[in-house]
J.: 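Here you go, one structure.
Quick note on labels: first sequence line is chain A, next is B, and so on, each numbered from 1. What you are looking at is a predicted structure, and each value in this text was computed from that prediction instead of being measured.
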There are 2 protein chains.
Amino acid sequence: MPRGNCRGQGWWHGKFRGCGYRLTLGREVILDVLSKAEGHLSAEDIYMKIHPRYPNVGLTTIYRTLDVLSDLGMVFKLDFGDGRARYEFAEGPKGAHHHHHLVCTGCNKVIDYTDFIDDEVELLNQTEKGLSKKYNFKITNHLIQFYGLCEKCSEKK
Amino acid sequence: MPRGNCRGQGWWHGKFRGCGYRLTLGREVILDVLSKAEGHLSAEDIYMKIHPRYPNVGLTTIYRTLDVLSDLGMVFKLDFGDGRARYEFAEGPKGAHHHHHLVCTGCNKVIDYTDFIDDEVELLNQTEKGLSKKYNFKITNHLIQFYGLCEKCSEKK
DNA sequence: TTTAAAAATGGAAATCATTTTCATTAAGGA
DNA sequence: TCCTTAATGAAAATGATTTCCATTTTTAAA
Ligand SMILES: [Mn+2]
Ligand SMILES: [Mn+2]
Ligand SMILES: [Zn+2]
Ligand SMILES: [Zn+2]
């Protein structure tokens, strides 16, 4: 968590201000949690992590902030089909860590993978180009996910 | 819509009975609507189509039936991110019509595409094989979607 | 520093697709 | 036809997310 006495010094201060957003305590704390989180957090997960130390940041603000962060491209909003959105920090310009997800339909575990990304990106580019032309569709984004059973869950079965 | 006098004669009668399910009027009608539908219908879409002629088939039954049909693999449950599930008839063994979707984030229009499916399938197989081995993850399913703006929506902008 | 406009906030209430409950009905084997 | 059990519909419950609105905070101007 950021020290309360050096607010607004993070590298993302500029990103906020540049888009007319104000960098508030709530936003900074949420961003901080996300940037340090391992997995894929739901709004409530974030609320739980923050609440003990910042009991006056409400769940509503978390939802609103996550929307803003998604708009700014600082966070990805993910849907693994369990009825609640998950959020993931979009690494800065340095660690642009393009990856996709393996989702276990047994226990909802999610594995990040980067394997085959090169071939994938190649196919994706080709596909995007072709589809853009054929359907006059401007593709801005893609979603690739694999579903199945993780090691533990296939053993159980 | 099926004629009321020849119930249970459809090619899917066996599929139901084989899995211990009963073939009811509601299920038959829902399947019929889906098999003839062009696009991607929500539960309520289906309800609207059915209700005039079969006013005693409730929305609850539609949800339940769609679950059954998904389990049987006769229908695909889709999520285009607009907060309601969509359903699509999974063509029988004949017209196995593997395709993915272009989703317009402007107007929610969805385009089916089959282009590049061959290269895609090849990459997918390779990826699935590699990931299965590396993570001991049994992949049963994949999701690929492209998001962007359709022709009309990019003009508007 | 003072001030005023705009943005952000939190808590409560609303939304709304989907699920659950439960009493009733219908399917299909015997 | 009879009986067991699956299937059904209506109403109520659920639960993640959004909306409302009165209050607070931020920021730029004076
Ligand atoms: Mn991830
Ligand atoms: Mn389709
Ligand atoms: Zn699992
Ligand atoms: Zn569009």
Side-chain angles (χ1 to χ4, degrees), chain A residues 4 7-10 13-31 40-48 50-51 53-72 75 77-87 108, chain B residues 2 4-10 12-31 40-48 50-51 53-72 75 77-87 108:
Chain A
R7 293 270 315 292
Q9 301 313 313
H13 183 241
K15 193 139 196 172
F16 269 89
R17 304 312 319 286
C19 300
Y21 291 111
R22 298 173 180 177
L23 184 55
T24 63
L25 175 66
R27 287 173 178 178
E28 200 166 11
V29 173
I30 292 167
L31 207 39
H40 310 86
L41 303 183
S42 68
E44 203 178 351
D45 290 338
I46 297 170
Y47 180 75
M48 305 282 248
I50 286 177
H51 193 252
R53 204 179 314 213
Y54 300 91
N56 40 1
V57 172
L59 186 54
T60 308
T61 291
I62 299 197
Y63 275 106
R64 276 185 296 226
T65 297
L66 288 170
D67 275 351
V68 170
L69 295 176
S70 295
D71 286 349
L72 289 177
V75 154
K77 183 177 185 178
L78 308 171
D79 174 13
F80 298 134
D82 68 338
R84 62 183 55 191
R86 306 272 166 178
Y87 299 85
N108 289 325
Chain B
N5 57 347
C6 67
R7 293 270 317 290
Q9 301 313 313
W12 45 60
H13 183 240
K15 194 139 196 171
F16 270 92
R17 305 312 324 286
C19 299
Y21 290 112
R22 297 176 181 178
L23 185 55
T24 63
L25 175 65
R27 286 172 178 177
E28 201 166 11
V29 173
I30 291 166
L31 208 37
H40 309 88
L41 304 182
S42 68
E44 202 177 355
D45 290 338
I46 296 171
Y47 180 75
M48 305 282 249
I50 286 177
H51 193 252
R53 202 180 315 214
Y54 300 91
N56 39 2
V57 173
L59 185 55
T60 308
T61 291
I62 299 196
Y63 275 107
R64 276 186 295 227
T65 297
L66 289 170
D67 275 350
V68 170
L69 295 176
S70 295
D71 286 349
L72 289 176
V75 153
K77 184 176 185 177
L78 308 170
D79 174 13
F80 298 135
D82 68 339
R84 60 184 56 193
R86 307 270 165 179
Y87 298 85
N108 288 325

J.: A/L25 CG to D/dT24 P: how many Å, rounded?
T.: 17 Å
J.: Check whether any side-chain N or O of A/Y63 sits under 4.0 Å from OP1 or OP2 of D/dT18, and answer yes or no.
T.: no
J.: Given C/dT18, C/dA17, C/dT19, identify the nucleotide with an atom nearest to the side chain of B/E44.
T.: C/dA17
J.: Which whole-number value in Å describes the distance from A/R64 CZ to D/dA16 P?
T.: 18 Å
J.: Kindly indicate, with the supporting measurements, whether the criterion side chain to side chain donor-acceptor pair (under 3.5 Å) is fulfilled by B/S42 and B/D45.
T.: CA-CA 5 Å; B/S42 68; B/D45 290 338; 3.1 Å; yes
J.: Round to a whole Å and report the spacing from CZ of B/R17 to P of C/dA27.
T.: 12 Å
J.: Between C/dT18, C/dT19, C/dA8, which one does the side chain of A/Y21 approach most closely?
T.: C/dA8
J.: Think A/T24 has a side-chain N or O under 4.0 angstrom from the OP1 or OP2 of C/dA7?
T.: no
J.: Mind calculating the distance between CG (A/D45) and P (D/dT17) to the nearest angstrom?
T.: 11 Å
J.: Please identify each residue that fulfils side chain to side chain contact (heavy atoms under 4.5 Å, CB included) with A/D79, with sequence neighbours left out.
T.: B/D79
J.: Quick one: A/K77 NZ to D/dA16 P, roughly how many Å, whole number?
T.: 14 Å
J.: For the side chain of B/R84, starting at C-beta, report the closest nucleotide among D/dA11, C/dT18, C/dG11.
T.: C/dT18
J.: Side chain to side chain contact (heavy atoms under 4.5 Å, CB included) with B/R64: which residues, sequence neighbours excluded?
T.: B/T60, B/T61
J.: Rounding to a whole Å, what distance do you find between A/D67:CG and D/dT19:C1'?
T.: 13 Å
J.: Can the ring centroids of B/F80 and B/H40 be said to lie less than 6.0 angstrom from one another?
T.: yes
J.: Name the residue closer to the 5' end of DNA chain D, choosing between B/Y47 and A/Y87 according to the nucleotide with the nearest heavy atom.
T.: B/Y47
J.: When you match A/R27 and B/R22 each to their closest nucleotide on DNA chain C, which lands nearer the 5' end?
T.: A/R27
J.: Would you kindly give the CG-to-P distance between A/L23 and C/dA8, to the nearest whole Å?
T.: 11 Å
J.: Restricting to non-hydrogen atoms, name the atom on A/L59 and the atom on A/A43 that form the minimum distance, rounded to 0.1 Å.
T.: CD1-O, 4.0 Å
J.: Let me know the distance between CG of A/L59 and P of C/dT9, rounded to the nearest Å.
T.: 13 Å
